[in-house]
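Only this structure's heavy atoms are used, side chains among them; waters, hydrogens and symmetry mates stay out. The structure displayed is predicted, hence computed values, not measured ones. When a ligand or atom number is given, it counts from 1 through the structure's own listing order.
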Amino acid sequence: MAFKERVFSGVQPTGNLHLGNYLGAISKFVPLQEKYDCIYCVVDMHAITVWQDPAELTKTTREVTAAFIACGLDPDKNIIFNQSQVAEHAELAWVFNCVARIGWLNRMTQFKEKTGKDRENASVGLYVYPSLMAADILLYRATHVPVGEDQKQHVELSRDIAQKFNNDFAPSIQSRGYGDAFFPLPEPLIQGQATRVMSLRDGSKKMSKSDPSDYSRINLTDDADAIAQKIRKAKTDPEPLPGEEKGLEPRPEADNLVGIYAALQGISRAEVLKEFGGAQFSTFKSALVDLAVAKLGPIGAEMKKLVQDPVYIDKVLANGSERAQAIAADTMKAVKDIVGFIRH
Ligand code: TYM
C-alpha cells in the first residue's frame, strides 16, 4: 500500500533549547512545511520520564512552542501541539509495548547512556520511551521523521515495531481492507552539516540540555554577548584550520566549529575551509560569532516576545491538538479493530 507522505517530529520540553536542537532538528522542519503535511509535537509525556518541576514543565512547553514559531513554522500550515493533549499517544504506546521485545529495548544506547550504573533507579517510562516515540510517529502514519543523529536508533526501532505489528496482525489487517501493511515504515531524515553538534567544551560529547556547564552549549535564547563569550571560550587546538576536510578528521573540536559554521551559513565544510583554511582560530571564531549572532539573535528575540503572550501560545497548542486528535482517533479506531478490541 502506498502511504500518504507525512512528516512527524517531536522535541522534549526539558531545559533550554540549544544550537544542536536547532541545527539538527528545528531548522530542518522549516523547509519541509513547503512540501509535506507536517506535524510537530512538544513531547511533554516524554519529558516526565525524568522528574520535572510542574511549573517549569508548563513554561518550557510554551518555550518550545515559541521556538517552533520563531524559527519559522507556520501554526496554520503545520499541526503544532503538545503530546499529552492527544490521549491516543498513550493508548497506542501500550499496544506497542506489547509488540516491542525486551531485547530490542535493551539495545537502546540512549537508555544505557542516560542511566549508566544507576539503571535500577530509572523510571519504567524511561525504559519504554521508544515505544511511546513509535506511537507518536505511527499514530499519524508518518513516513518521514526529521531528527538529529542521536535519535536514529529510536526511529529505526519505530520501523521494527511497525513491521512486527504489520506481520503479527497481517490477516486482520488484510481482511479489513488495509492491504499488506497498516503502518508505514517511517524513514529518519538526518541531513546536512550538523546532524550531531558537539559540546563546545569537549568535542567527544554531544551538545546537550543536561550538561552542567552552560558554556558547553549555545542556547536559542542567549544574547549576543553570551554567544560571543561561549564561542570565544570554545575548546580548540593550537593549529590553524586545515585547507581540506580530511584535515578535520583527527580534530573533533575544529570539526565541530566548522560544521556549525557550515550549517548556519548553508554551505559545505569544504566551502568553509576554502575561505578559512590556514586561518587562526581567533579569526575564524570572530567570523563564527558574527554569523551565529546574525542567525540566532532574531530567533531568540522572537521567542522572548512570544512567551510574553501565553494566551496566544496556548491557543496554538489547543488548535493543533484538536487537529492532531482527529487524525489520531481514526488510527486508534482502526488499531482497536485490527487487534480485536470491541468498540462501543
Ligand atoms: P530531544 O528533545 O532530545 O531533541 C530534539 C531534537 O534535537 C536533536 N538534537 C540534536 N541534533 C544535533 N546535535 C545535537 N547535539 C542534538 N541534540 C538534540 C534530536 O535528535 C531531536 O531531533 N525522543 C526525542 C523526541 C521525540 C521524537 C518523537 C522525535 C519524541 N517523539 C517522534 C521524532 C519523532 C528527543 O528526546 O529529542
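In this structure, Thr49 contributes its side chain and Leu126 its backbone to no donor-acceptor pair below 3.5 Å. The backbone N or O of Glu239 sits less than 3.5 Å from a side-chain atom of Arg251, completing a donor-acceptor pair. Using modelled atom types, no side-chain atom of Arg6 and backbone atom of Phe3 make a donor-acceptor pair closer than 3.5 Å. No donor-acceptor pair closer than 3.5 Å links the side chain of Asn219 to the backbone N or O of Thr221. Listed for the Arg196 side chain is no donor-acceptor partner under 3.5 Å among the backbone atoms of Ala194. Remark: side-chain polar atoms of Arg323 are paired, donor with acceptor, to backbone N or O of Asp76 under 3.5 angstrom.
Every atom of ligand 1 is numbered from 1 in the order shown, and the set under 4.0 Å from a heavy atom of His46 is 30 (C), 31 (N). Ligand 1 places these atoms under 4.0 Å from at least one heavy atom of Ala25: 6 (C), 7 (O), 22 (O). If you number the atoms of ligand 1 from 1 as listed, the ones under 4.0 Å from a heavy atom of Gly24 come out as 11 (N), 12 (C). Those atoms of ligand 1 that come under 4.0 Å of a heavy atom in Val145, given as number and element, are 33 (C), 34 (C). Atoms of ligand 1 lying under 4.0 Å from at least one heavy atom of Thr195, given by number and element, are 11 (N), 12 (C), 13 (N).
Looking at Lys206, Met207, Gln151, it is Gln151 that brings a heavy atom closest to atom 21 (C) of ligand 1. If you check each of Val197, Asp150, Val42, Val147 against atom 20 (O) of ligand 1, the one with the closest non-hydrogen atom is Asp150. Taking only non-hydrogen atoms, the option from Phe29, Tyr40, Tyr129 nearest to atom 24 (C) of ligand 1 is Tyr129.
Look at Lys209 and you'll find a heavy atom under 4.0 Å from some atom of ligand 1.
Considering only non-hydrogen protein atoms, atom 2 (O) of ligand 1 sits nearest to Gln12 N, 2.8 Å. Atom 28 (C) of ligand 1 has as its closest protein heavy atom Met133 CG, 3.5 Å. Looking at atom 22 (O) of ligand 1, its nearest protein heavy atom turns out to be Gly148 N, 3.2 Å. Ranking the protein heavy atoms by distance from atom 25 (C) of ligand 1 puts Gly10 O, 3.5 Å first. Residue, atom and distance of the protein heavy atom nearest to atom 18 (C) of ligand 1 are Asn21 ND2, 3.3 Å. Taking atom 17 (N) of ligand 1 as the reference point, the nearest protein heavy-atom neighbour is His18 CE1, 3.6 Å. Nearest non-hydrogen protein atom to atom 31 (N) of ligand 1 is Asp136 OD2, 2.7 Å. Looking at atom 10 (C) of ligand 1, its nearest protein heavy atom turns out to be Gly20 O, 3.4 Å.
Arg232 forms no cation-pi arrangement with Phe281, by the criterion of a distance under 6.0 Å to the ring centre and an angle within 45° of the ring axis. With Phe341 as the aromatic partner, Lys336 does not meet the cation-pi criteria of under 6.0 angstrom to the ring centre and within 45 degrees of the ring axis.
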>> Please evaluate residues His89 and Phe81 with respect to the criterion ring-ring contact (aromatic ring centres under 6.0 Å, His included), reporting the C-alpha separation (whole Å), side-chain torsions for both, the decisive distance (0.1 Å), and the verdict.
In response: CA-CA 12 Å; His89 286 255; Phe81 76 110; 5.7 Å; yes
>> Run the ring-ring contact (aromatic ring centres under 6.0 Å, His included) test on Phe8 and His144 for me, step by step, so that the C-alpha distance in whole Å, both residues' side-chain angles and the decisive distance to 0.1 Å come before the verdict.
In response: CA-CA 7 Å; Phe8 183 97; His144 296 82; over 10 Å; no
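Annotation for Lys152: atom NZ does not count as buried by contact number, only 12 or fewer foreign heavy atoms lying within 6.0 Å.
Heavy atoms of Ile137 found under 4.0 angstrom from ligand 1 belong exclusively to the side chain.
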